[in-house]
Structures are given as structure tokens and as C-alpha cells.
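As C-alpha cells, the structure follows; a few thoughts come after it.
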Amino acid sequence: MSRRNHADTQGEGEDRQPLLGGEATKNDLVDEGDAPSGYQSKLSYEEAVEEAGFGLFHGLLLLVCGWANASDAVEILCVSFLLPTARCDLQLSSADMGLLTASIFLGMMLGGYMWGYLADQRGRQRVLVISLAVNGTFGAVASLAPSFWLFLLLRFFSGVGVGGSIPVIFSYFSEFQPKQHRGAMISALATFWMAGNILAAGAAWLVIPRTFLHVDLGWLDFQSWRVFVVLCSIPSLTSALTFRLAMPESPLFLMEAGMEKEALAVFQLMYKLNHRGSRKPFPTCRLANPKDDEDTVEPLRMRRWCQQLTHFLKQGLAPIRQLFADPLASRSIALLVIFFSISFGYYGLWMWFPELFRRAEDGGSPCANMSQSQNQGNESCYPVKTAVYMEGFVTAASNLPGNIFTILLMDTVGGKILLSGSLLVSSVSVFLIYVVKTKSQSLIMSCVFSGVSVISWNALDVVGTELYPTQLRSSALGFFTGVGRVAAIMGNVVFGQLVDSNCAVPILLVSALLLAGGLAALRLPGTKQMDLT
């Protein structure tokens with residue numbers, strides 16, 4: 001059935017929905033006949049967002065969505081921090097470590113588009129609840145895996161959950177924001193990735209070296225790195241619970257789905273929290289529906305399972321065809337290049353930083369010590385070298401200047417310029433990581449790469465949400481993040497295969513791809529303070 005028809009049946013008998021800061025019901029809505037003077041007959045989505053104001057509601061929304069974004073960062077990056085120790089217990093070669101870091105991205109690739117499509121059809125809030133729960137549950141269970149292949153499989157399923165929450169959270173969050181604050185707020189949301197990065201690095205630093213935390217279960221020696229894996233699942237599970245109990249559906253999705261009263265209830269709650277102490281009611285009792293009834297088409301009813309599956313696949317692939325048709329084709333091609341470049345470069349290099357730091361522990365650059373690292377035995381894992389995790393924490397903390405820079409300049413400079421410039425500077429910093437000769441120089445350039453590349457991600461989060469209309473936004477982000485997952489998988493596999501034999505190839509390849517992404521960003525249209533459609 002069409003999205004409008006589905007939404008109509010979904011809304012039957014539902015007088016309440018979970019709302020941040022309290023509950024609003026249909027009985028709270030003002031009847032049009034009883035509306036006081038000053039009420040407007042109908043408001044469009046952008047007008048309703050403006051009237052709802054900007055304040056406490058958006059601050060609370062930022063905290064809740066930010067925690068979800070941080071939880072995704074924790075779940076992804078925790079693998080990189082456990083590699084220097086878990087490689088002994090799971091008997092991992094460098095190629096195995098490449099497969100392990102790639103597994104979560106494979107899950108994210110498969111889950112990204114699926115969850116994005118479902119979010120456009122069924123709603124953002126419910127998809128976030130399910131995907132975050134999948135992420136946290138499989139992440140926690142992975143701590144009990146006694147073998148590499150089982151651990152790999154469970155990390156894959158955790159990645160399926162992460163693949164849904166990352167693109168959907170930005171679509172969901174952006175659809176509550178007035179356009180004059182949207183760039184800065186999305187940039188602020190993106191900074192929580194840094195918070196998750198620092199949280200994962202800090203937890204690794206505090207927990208993994210404490211080998212006395214291990215428990216002998218008989219069939220499994222539950223080492224400290226497994227305790228760390230359990231701790232990394234907590235943010236996702238608590239975030240899923242928060243969205244289930246306290247968060248409303250996106251008002252723009254509700255309007256697109258024909259659920260006018262539910263959307264109006266969300267706007268009224270926003271108005272109430274943003275204008276605390278004011279007795280003036282929300283200035284309308286009607287919303288202008290952005291879709292006409294004739295735009296919806298009732299799909300064919302299919303009795304056979306294979307026919308239903310074929311229809312589902314056709315419906316799911318339809319948004320991709322729209323992305324690469326005029327007038328969206330040129331921007332979609334540019335984003336395709338950018339997502340591939342930054343994902344291959346960032347995840348291909350970042351996931352290996354702790355391992356590279358470990359290999360440079362005795363001095364010199366990481367690449368200079370690769371050949372001797374091939375022959376290191378399991379005894380090199382214990383005692384755990386705390387400096388590796390300290391350096392990972394410092395690299396994660398170096399995100400902070402880039403995040404502050406993005407928040408201050410996003411709405412004035414624009415996402416396009418920040419995206420292109422930061423990718424070009426990131427390309428130079430990666431090249432210098434290969435050129436430098438000492439461990440301290442490698443750490444400094446790694447921090448520079450971390451601080452600059454985060455600007456690229458923040459700008460991409462803003463630009464990506466503003467380039468596509470509502471009915472394609474989550475599908476587009478899901479598709480492009482899926483492309484990014486392919487690139488991340490390739491990056492980690494390439495590093496795993498070549499990090500011992502030819503360190504120069506993956507590092508210089510990362511530098512070249514980031515350069516290509518920076519040039520492709522110049523082809524994007526400007527989106528500064530544009531209306532969401």
C-alpha cells in the first residue's frame with residue numbers, strides 16, 4: 001500500500017505517541033471553529049517549524065540524538081581498540097584483522113539502504129529503536145564468542161543495526177530544525193561522533209590494560225577486552241530504550257504520511273517546550289499537506305511469496321533510479337565519489353591507528369616497522385602496552401577543534417566549501433603520515449588528520465540531508481552510506497593484506513582518494529540555509 005494509506009491505517013485508534021518531555025493527545029488540539037484571533041488557517045512544514053520556535057526542545061533532542069550517534073561511533077571503533085590484545089586470544093593474522101574490521105562495515109552496507117528505505121516508508125522513530133537494539137544486542141553477545149569466525153559473524157549483525165541508525169538519525173534530527181539553525185545543529189549532532197570516539201578510546205585505555213578483570217568461565221577465558229566489548233554495547237541499548245519511551249515521530253514524515261493531527265501534536269509540544277512560561281497557543285489548528293491524494297498509487301496485491309519479494313525489490317530500488325535521474329543526477333554522482341573516497345580513507349586508516357601505534361611502540365614510523373611486525377608472536381600482547389591506548393585517546397580527542405570549527409562556520413561559510421577544503425587538507429596530512437620518520441611525528445600527523453577529517457564528515461552530514469526531498473532523504477543517505485560501507489570494507493581489506501608487506505600502497509591510495517573527493521565536492525550545489533522539501 002502507499003505510504004499515505006499505510007500511515008492512515010497506522011494512525012487508526014492511536015490517540016497517543018511517545019513525546020519528548022511529555023505526551024500530547026488529539027484532545028489537546030484546538031478545533032478550528034474555536035480558534036482564537038491570530039490563528040492562521042494552515043501552515044506549511046517550514047512555517048510550522050518556524051512558529052514552533054527554537055529552544056529547550058531542540059536542546060533535549062540534540063542530547064538524545066547525539067547519544068545515539070555516539071553509540072554508533074563506540075560500536076564501530078571498539079573493534080580497532082581491541083585488536084592489539086584480542087589478536088592473541090583469537091589467533092588473528094593481519095589479514096584476519098582486516099576481515100574483522102571490515103565485517104561491521106559489510107553489515108552496515110547491507111543494513112544501511114534497507115533501514116533507510118523502511119524509515120521513508122514506516123517512520124524514522126520506530127526504525128531507530130529497532131536498529132539501535134540490533135546493534136547493541138549483537139555487540140554484547142559478541143563478547144562471548146570463543147572463536148574468530150563466530151566473533152566475525154556477530155560483529156557483522158551488529159553492523160546491520162549500525163547501518164540503520166547512522167543515516168536515519170540525521171534525517172530524523174534535521175526534520176525538527178528551522179532552516180536558519182539547521183547547519184549548526186546538524187554539525188553539533190555530528191560532534192557526538194567525536195564524543196563516542198573519545199568514550200571508546202577512554203574505556204579501552206581504562207579497561208583493556210587491566211588484565212585482572214578477566215574471568216575464567218571454563219569454556220571461555222573472559223579477558224578484559226571482552227569486558228570492554230560489553231561496555232561498548234551499553235550506549236546503543238540505552239539509546240534504543242530512550243527513543244522507544246520518549247521520542248516523537250518526525251513531524252515532516254507525519255505530514256507526508258497524511259497524519260496531520262499527529263504532526264500538529266508534535267509541533268504543539270515543540271512550541272510548548274520552546275516557549276515555557278508563555279500562555280499563547282500554537283498559532284494554527286491546521287497544517288498544509290505537502291502531498292496530494294492523486295500522487296499515491298495503490299500497489300498490486302500479489303498472492304505468491306516470490307511475486308511479493310519481486311515487488312518489494314522493485315519498490316526498494318525505485319529511489320535509486322530517482323537519485324540518478326535529472327535533476328538529481330549530477331549531485332548524486334558527486335556524492336558517490338565523495339562517500340567512497342572519505343569512507344575508504346577514514347575507516348581504512350582510522351581503524352588501524354591502534355595497531356599502527358602498537359607497531360611503532362619501540363620508535364620510528366609505523367611503516368618502517370612493518371616487516372618485523374609479521375613475526376611477532378602472541379607473547380607481544382601481554383602485558384598490554386598502555387601507551388597504545390593513550391595515543392588512541394589523544395588522536396580521538398583531536399577531533400574537538402574540528403568540531404568547534406564546523407559549528408561556528410557551517411551556517412556562514414556553507415557545507416560545500418568546508419567539505420571540499422577539509423578533504424583536500426586531509427589528503428595532504430595522510431601523505432605526510434607516510435613521509436614522517438619518527439613515532440612522535442606520526443602521532444602529530446594522525447591528530448591533524450583526525451581533526452581535519454571530522455570537518456569533512458560534519459559538512460557531509462549537513463549537505464547530504466539538504467540535497468534531497470523528504471521522500472528520498474533517508475533512502476539517499478542509506479544508499480550513499482551503503483556505498484561508503486563498500487569503500488570501508490575495501491579499505492580495511494587492503495590494509496590487512498598490505499600492511500605487513502607494502503605499507504606505502506594503502507596510505508598513498510588514501511591520500512589520492514581524499515584528493516579526488518575534495519575536487520568532486522566542488523561540483524555540488526550550495527545548500528546554505530535552504531528550505532527542506
Side-chain angles (χ1 to χ4, degrees), residues 71-111 130-165 196 199-201 203-204 206-238 240 347 351-352 354-355 358 377-382 384 388-389 392 485 488-489 492-493 495-496:
S71 71
D72 289 332
V74 169
E75 199 63 43
I76 292 174
L77 298 174
C78 77
V79 174
S80 67
F81 290 110
L82 60 84
L83 284 181
T85 304
R87 66 185 181 86
C88 293
D89 295 331
L90 297 178
Q91 300 180 351
L92 306 180
S93 65
S94 293
D96 291 335
M97 289 190 283
L99 290 176
L100 183 57
T101 55
S103 64
I104 191 168
F105 296 107
L106 178 60
M108 292 166 69
M109 179 188 69
L110 298 180
I130 298 173
S131 60
L132 286 165
V134 169
N135 175 11
T137 301
F138 282 99
V141 174
S143 67
L144 297 173
S147 66
F148 163 66
W149 290 107
L150 181 57
F151 190 79
L152 187 79
L153 180 64
L154 293 170
R155 298 306 302 179
F156 164 78
F157 284 117
S158 176
V160 172
V162 177
S165 53
L199 181 61
L206 291 174
V207 174
I208 296 179
R210 309 301 188 266
T211 53
F212 64 84
L213 292 175
H214 80 95
V215 178
D216 188 358
L217 301 179
W219 58 277
L220 178 69
D221 189 6
F222 202 86
Q223 291 283 353
S224 57
W225 66 266
R226 295 181 183 273
V227 176
F228 170 69
V229 172
V230 174
L231 292 177
C232 286
S233 69
I234 294 176
S236 294
L237 295 175
T238 56
Y347 290 116
M351 298 293 286
W352 282 84
E355 179 66 12
R358 183 190 68 81
N378 288 350
E379 67 275 8
S380 63
C381 292
Y382 298 99
V384 178
V388 172
Y389 299 101
R485 303 317 165 215
I489 293 168
N492 279 281
V493 172
F495 265 86

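Quantities reported herein were computed from a predicted structural model and do not represent experimental measurements.
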Counting only N and O atoms by type, is there a donor-acceptor contact under 3.5 Å from the side chain of D96 to the main-chain atoms of S93?
-> yes
Please assess L90 against W149 for the test side-chain contact (heavy atoms from CB on, under 4.5 Å), listing each intermediate value before the final yes or no.
-> CA-CA 9 Å; L90 297 178; W149 290 107; over 6 Å; no
Reported CG-to-OG distance for the pair N135 and S158, which is rounded to 0.5 angstrom = 4.0 Å
Closest contact, heavy atoms only, S224 versus I208 | OG-O, 2.7 Å
Among all residues two or more places apart in sequence or in another chain, which pass the salt bridge (Lys or Arg N to Asp or Glu O under 4.0 Å) test with R155?
-> E75
Tightest non-hydrogen contact, residues C78 and F228, listed as O-CE2, 3.4 Å
Sorted by chain and residue number, the side-chain contact (heavy atoms from CB on, under 4.5 Å) partners of L106 (sequence neighbours excluded) come out as M109, F156, I489
Looking at residues at least two apart in the chain, or sitting in another chain, which of them share a side-chain contact (heavy atoms from CB on, under 4.5 Å) with I234?
-> L231, T238
Any side-chain heavy-atom pair of L144 and L154 under 4.5 Å | no
Has the side chain of S233 got a donor or acceptor atom that lies under 3.5 Å from a matching backbone atom of V230?
-> yes
Kindly determine whether W225 and S143 satisfy side-chain contact (heavy atoms from CB on, under 4.5 Å), including the steps that lead there.
-> CA-CA 8 Å; W225 66 266; S143 67; over 6 Å; no
side-chain contact (heavy atoms from CB on, under 4.5 Å) between L100 and N492, intermediate numbers included = CA-CA 9 Å; L100 183 57; N492 279 281; over 6 Å; no
The residue among I76, T101, I104 that forms side chain to side chain contact (heavy atoms under 4.5 Å, CB included) with Y347 is I76
For G139 against V229, the heavy-atom pair lying closest together = O-CG1, 3.3 Å
Any side-chain heavy-atom pair of F148 and L92 under 4.5 Å | yes
Value rounded to 0.5 Å, distance of SG in C232 from CG in L77 = 9.0 Å
Between L220 and P146, the two heavy atoms sitting closest are CD1-CA, 3.9 Å
Which heavy-atom pair separates G392 from F81 by the least distance, and what is that distance?
-> CA-CE2, 4.1 Å
For A204 and P209, the nearest pair of non-hydrogen atoms, with its separation, is O-CD, 3.2 Å
Counting only N and O atoms by type, is there a donor-acceptor contact under 3.5 Å from the side chain of T85 to the main-chain atoms of L82?
-> no
